[in-house]
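Letters A, B, ... are given to chains in the order of the sequence lines, protein chains preceding strands, and every chain is numbered from 1. Since the structure is predicted, the reported quantities are computational estimates derived from the model, not experimental observations.
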Amino acid sequence: MELQARIIDVDYVVEDNEVVLRLFAKTEQGENLLVHEKNFLPYFYAVPEEEEDAETLEEKINEKEFHRDDGEPLEIVETDLKEKIDGTEEIEVVKISTKVPPDVPKLKSKIYDMPEVSHCREYDIPFYKRFLIDKQALPTEKIRFEGENFEAEGFDYALELEDLEILENNEEKPDFEKLAFDLEVIDDEIIMCSFYSENFEKVLSTVEIDEDFVETVEDEKRLLERFLEIVEERNVDVLTGYNTDEFDFDVLRDRVQHHGMELSLGRNGERMKFNRRGRFAGARLKGRMHLDLYPFISHVVSPGLESETLDLDSVAEEMLGRNKDDVSFEQMEEWWREKENLEEFARYALKDSELAYELSDELVPQIIELSRITGLTPFDACRLTYGQLTENFLLKEAFRENILAPNRPTRNERRRRGNQGAYEGGFVYTPESGLHEDICVFDFRSLYPTVMVAHNISPETLNLESCDDKFELEEFDFYFCQDEQGFFPELIEGLVESRYRLKDEMYEVEEGSREYERIYSRQQAQKILANSFYGYLGYDGARWYSKESAQATTYMGRKYIEDTIETAEEMGFEITYGDTDSVFLKGDEIKERKDDFLDKVNSELPEFMELEFEGYFTRGFFTSTESGQGAKKKYALIDEDGEMKITGFEQVRRDWSSIAKDTQKQVLRKVLENKVDEAVEIVKYTIERLQSGDLPLDDLKIYTTLTKPPEEYGSTSPHVEAAKKAMDRGDDVSPETTIDYVITRGGGSISSRAEMTKYAGSYDADYYIDNQVLPACIRVLKVFGYTGDQLKGKGKQSGLGRFQ
DNA sequence: CTTGACCGGGG
DNA sequence: GTGTACGGTCAAG
């Protein structure tokens with residue numbers, strides 16, 4: 001039988017000491033296909049000692065017998081000699097294939113003990129990944145499968161693989177059935193579960209609610225049954241949500257167990273399993289893609305977001321332009337307790353899956369593209385960090401180029417790398433604090449990637465012996481050989497050029513069309529990867545670690561930005577600010593002469609590097625440090641449309657009360673509108689309102705999450721003290737509770753006066769003035785000569801008589 | 001300045 | 001699972 005389908009998930013099972021790879025795939029018609037592959041074997045490489053030759057080593061390995069520690073034989077199925085590239089050298093290695101994947105690390109340590117063996121390589125690459133890389137059978141690409149068919153429960157087709165062919169026609173965007181969900185939990189019980197998909201919205205509720213999207217179920221057990229049915233009935237390929245790994249699936253597992261049920265969500269009815277990986281556990285559903293958006297956002301998306309908190313509402317606000325209409329958990333609890341406003345409760349429940357669904361519309365295609373580029377399953381691609389995504393891309397590309405991957409550093413080696421100390425980063429120009437007008441911002445397009453290409457910076461071109469053309473860095477005693485393009489520059493150039501082509505194509509198709517979305521996601525994934533190489537080279541857990549390469553990259557980056565500043569000065573422009581890859585130039589003229597400036601800079605840059613115009617801002621505000629100098633990385637800009645861009649101010653952090661954050665934001669806006677007097681008035685008014693004592697406590701709440709039972713904390717901090725006091729009143733305060741507290745009036749330390757908001761009868765106006773509102777606002781207004789005392793009205797600042 | 005504890009998202 | 005992987009902030013030392 002022959003079928004065309006796209007792989008969406010892979011794993012393996014061991015049956016009678018034989019390994020079977022299971023490829024879960026979808027046909028274009030939406031049918032489910034299971035492919036068994038029994039001919040692909042796990043393997044690793046042994047590198048002979050220098051004086052040994054690989055052929056003799058192979059013979060010696062074949063003569064020997066190996067055993068596990070428990071005495072069981074470790075069978076070698078076959079050995080092969082392979083020519084591989086190690087750095088820039090060609091070496092001959094022995095490829096050793098085993099019966100089952102877990103034998104690889106065991107056999108590797110036995111082989112490593114042989115005196116003829118220098119070391120082993122590629123012994124820790126997960127088996128499914130090895131298969132995808134070696135066959136270049138990347139997830140979600142269209143593949144023709146050929147084999148003998150067999151019956152398998154839960155699948156439309158199942159076949160034992162004989163042959164596969166990667167099909168050229170991969171341009172269509174695959175169509176997957178997607179479903180977002182979200183649980184509402186009160187007192188450790190699931191009371192509602194919402195679902196959202198195209199033309200589908202539903203809330204399962206354990207109480208009667210009169211809304212047409214609500215399906216009332218008799219109890220939690222029935223809710224869980226319906227959950228399983230809905231995933232099954234809708235033939236879900238992509239199950240998504242927000243923080244579903246750490247919360248929803250954790251709850252689901254407990255509650256399903258409580259009711260003596262099974263969380264059989266796999267395509268074949270297999271149970272959900274947590275895949276532990278370091279700090280995180282991913283909830284894995286065999287044959288479906290469970291893509292939790294939170295890890296992807298926190299690892300990959302957040303560097304490009306302005307929002308400092310990554311809660312669903314903030315992220316949706318920034319990415320989707322949705323209004324933030326958060327209801328507090330306490331509010332929801334109260335509605336539930338009092339059984340009031342349940343219609344609204346249900347709408348909120350639904351809103352969370354809807355937001356997750358809409359985010360997934362943009363993010364799932366990106367995750368899928370990253371999975372294709374890196375050869376990881378979408379499940380992994382959405383949970384790995386930048387460094388790990390990069391490394392998997394490198395592993396896949398290394399295989400294509402017959403390059404032997406370096407080993408991962410040992411714990412000791414990591415520590416050694418970590419202790420080497422930091423190297424210098426980007427150049428930051430010290431701004432003059434205060435208000436600046438008419439600012440043009442320029443930045444380098446992908447500065448670090450293009451620097452690496454321009455100077456052939458790569459781990460294996462570093463200090464290459466027998467080199468004709470050396471790029472030497474004055475500051476350091478190392479060089480990069482320019483004779484042949486290195487591994488990293490080659491990959492970067494490939495990604496960047498492919499991205500340009502895609503962007504050209506993107507402008508030719510209709511915005512918002514499926515084709516547009518596909519191209520957009522692909523170029524976005526390429527951008528993510530291209531920008532990750534520099535950080536990867538300096539990441540102490542990297543296989544291709546090269547501190548020198550990272551150092552040289554930032555060094556050259558500094559040089560280019562400094563040269564740019566010099567050019568600007570020569571052309572008579574005033575520099576306002578600059579950070580790593582950007583320069584801010586001031587003055588009327590620059591707006592008209594910006595193209596001359598760009599032309600001059602770009603004509604002096606190496607090919608591939610480019611300075612671009614980023615935007616024009618009517619005003620910019622720069623704050624100052626303690627010593628009165630202009631502060632770096634803390635500024636706010638406003639454009640002609642009144643849009644603010646705030647960098648570095650901590651006004652969105654949740655451990656600040658909203659009164660402090662809101663006031664700071666208003667002050668920044670007034671300052672940017674050149675209305676400092678009004679800014680001062682806002683602060684004074686806020687202080688007055690605080691002093692009057694009748695501000696709602698909601699404006700004064702500070703949030704912090706408890707991570708363990710309050711009694712286990714060694715140190716005292718306000719949120720812990722507040723939690724302890726709530727417990728004394730009989731509250732059940734468990735770990736993972738977000739404590740919202742208010743500092744109340746009275747004597748003693750700040751911590752001793754912290755009370756959870758619901759128990760706080762008063763607030764300490766002085767605390768909020770001195771520790772919250774003033775520090776946030778003084779950060780801005782000190783630049784204009786204001787002190788805390790003046791803002792409090794104690795000073796002689798005039799013109800605002802009624803506040804004195 | 002360095003070191004160690006804490007925290008994130010979710011309800 | 002061919003396992004055991006974060007990164008930033010802040011108070012204390």
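- The nucleotide whose nearest atom lies closest to any side-chain atom of A:Y294 is, among B:dG8, C:dG3, C:dG1, B:dG8.
- Between B:dG11, C:dC6, C:dT2, one nucleotide has an atom nearer to the side chain of A:F247 than all others, and that is B:dG11.
- Nearest-nucleotide assignment on DNA chain C puts the 5′-proximal partner with A:P105, out of A:F280 and A:P105.
- Protein atom CG of A:D313 is 12 Å distant from nucleotide atom P of B:dG9, rounded to whole Å.
- Under the stacking definition used here (centres under 5.5 Å, planes under 30°), the residue A:F329 qualifies as stacked on the base of B:dG11.
- With hydrogens and angles left out, the side chain of A:R284 and the base of C:dG1 share no donor-acceptor pair within 3.5 Å.
- Between A:E270 and A:R22, at least one side-chain N (NZ, or NE/NH1/NH2) sits under 4.0 Å from a carboxylate O, which counts as a salt bridge.
- Using a 4.0 Å cut-off between charged side-chain N and carboxylate O, A:E391 and A:R543 make a salt bridge.
- Note on A:Y12: a side-chain N or O is less than 4.0 Å away from OP1 or OP2 of C:dT2.
- Among the heavy atoms of the strands lying under 4.0 Å from A:D182 are primed sugar atoms or P, OP1, OP2 only; no base atom is included.
- Not counting sequence neighbours, the partners of A:Y12 by the ring pair (Phe, Tyr, Trp, His ring centres under 6.0 Å) test are A:F127.
- Counting to the nearest Å, the C1' atom of C:dC6 and the CG atom of A:L310 are 13 Å from each other.
- When the ring pair (Phe, Tyr, Trp, His ring centres under 6.0 Å) test is applied to A:Y545, no partner is found at least two apart in sequence or on another chain.
- Nearest to the side-chain atoms of A:E184 among the listed nucleotides C:dT2, B:dG11, C:dC6 stands B:dG11.
- Base engagement by A:D124 is indicated by at least one non-hydrogen atom pair under 4.0 Å involving a base atom.
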Pair up each side-chain donor or acceptor in residues 376-390 of chain A with any protein partner under 3.5 Å, not counting sequence neighbours, and list the distances.
{"unit_1": "A:T377", "atom_1": "OG1", "unit_2": "A:D380", "atom_2": "N", "d": "3.3"}
{"unit_1": "A:D380", "atom_1": "OD1", "unit_2": "A:R277", "atom_2": "NH2", "d": "2.6"}
{"unit_1": "A:D380", "atom_1": "OD2", "unit_2": "A:Y128", "atom_2": "OH", "d": "2.1"}
{"unit_1": "A:R383", "atom_1": "NE", "unit_2": "A:D245", "atom_2": "OD2", "d": "2.7"}
{"unit_1": "A:R383", "atom_1": "NH1", "unit_2": "A:H290", "atom_2": "O", "d": "3.0"}
{"unit_1": "A:R383", "atom_1": "NH1", "unit_2": "A:F379", "atom_2": "O", "d": "3.0"}
{"unit_1": "A:R383", "atom_1": "NH2", "unit_2": "A:D245", "atom_2": "OD1", "d": "3.0"}
{"unit_1": "A:R383", "atom_1": "NH2", "unit_2": "A:D245", "atom_2": "OD2", "d": "3.4"}
{"unit_1": "A:R383", "atom_1": "NH2", "unit_2": "A:H290", "atom_2": "O", "d": "2.9"}
{"unit_1": "A:R383", "atom_1": "NH2", "unit_2": "A:H290", "atom_2": "ND1", "d": "3.2"}
{"unit_1": "A:T385", "atom_1": "OG1", "unit_2": "A:Q388", "atom_2": "OE1", "d": "2.9"}
{"unit_1": "A:Q388", "atom_1": "OE1", "unit_2": "A:T385", "atom_2": "N", "d": "3.1"}
{"unit_1": "A:T390", "atom_1": "OG1", "unit_2": "A:Y386", "atom_2": "O", "d": "2.7"}
{"unit_1": "A:T390", "atom_1": "OG1", "unit_2": "A:S532", "atom_2": "OG", "d": "2.9"}

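- Between the P atom of B:dG11 and the CH2 atom of A:W335 lies a distance of 14 Å, rounded to the nearest Å.
- Of the residues in residues 403-417 of chain A, A:R408, A:R414 come within less than 4.0 Å of DNA chain C through at least one heavy atom, sorted by number.
- Within 4.0 Å of A:I186, counting heavy atoms only, lies no atom of the nucleic acid at all.
- Counting non-hydrogen atoms under 4.0 angstrom, A:L183 reaches the backbone sugars and phosphates but no base.
- Side chains of A:L293 and A:V301 form no contact here, defined as non-hydrogen atoms less than 4.5 Å apart.
- We find that A:K633 and A:D579 are joined by a salt bridge, their nearest charged nitrogen and carboxylate oxygen being less than 4.0 Å apart.
- Atom CD in A:E220 sits roughly 14 Å away from atom C1' in B:dG11 (whole-Å rounding).
- To the nearest whole angstrom, the two C1' atoms, one in B:dG11 and one in C:dT4, are 29 Å apart.
- Applying the side chain to side chain contact (heavy atoms under 4.5 Å, CB included) test to A:H258 and every residue at least two apart in sequence or in another chain returns A:R255.
- Between A:N243 and B:dG8 there is no side-chain polar atom (N or O) within less than 4.0 angstrom of OP1 or OP2.
- Between the CD atom of A:E246 and the C1' atom of B:dG11 there is a distance of 14 Å, rounded to whole Å.
- The stretch residues 179-196 of chain A participates, sequence neighbours left out, in these side-chain hydrogen bond (donor to acceptor under 3.5 Å, both in side chains) pairs: A:S194-A:S353.
- Here A:E333 lies out of heavy-atom contact (under 4.0 Å) with every strand.
- Looking at heavy-atom distances under 4.0 Å, A:N275 makes contact with sugar-phosphate atoms alone, never a base.
- Between C:dT2, C:dG1, B:dG11, one nucleotide has an atom nearer to the side chain of A:D352 than all others, and that is B:dG11.
- Of the candidates C:dA5, B:dG11, C:dT2, the closest approach to any side-chain atom of A:R277 belongs to C:dA5.
- A gap of 15 Å separates the P atoms of C:dG1 and C:dC6, to the nearest Å.
- As judged by a 4.0 angstrom heavy-atom cut-off over every strand, A:L312 is placed among residues touching the sugar-phosphate backbone only.
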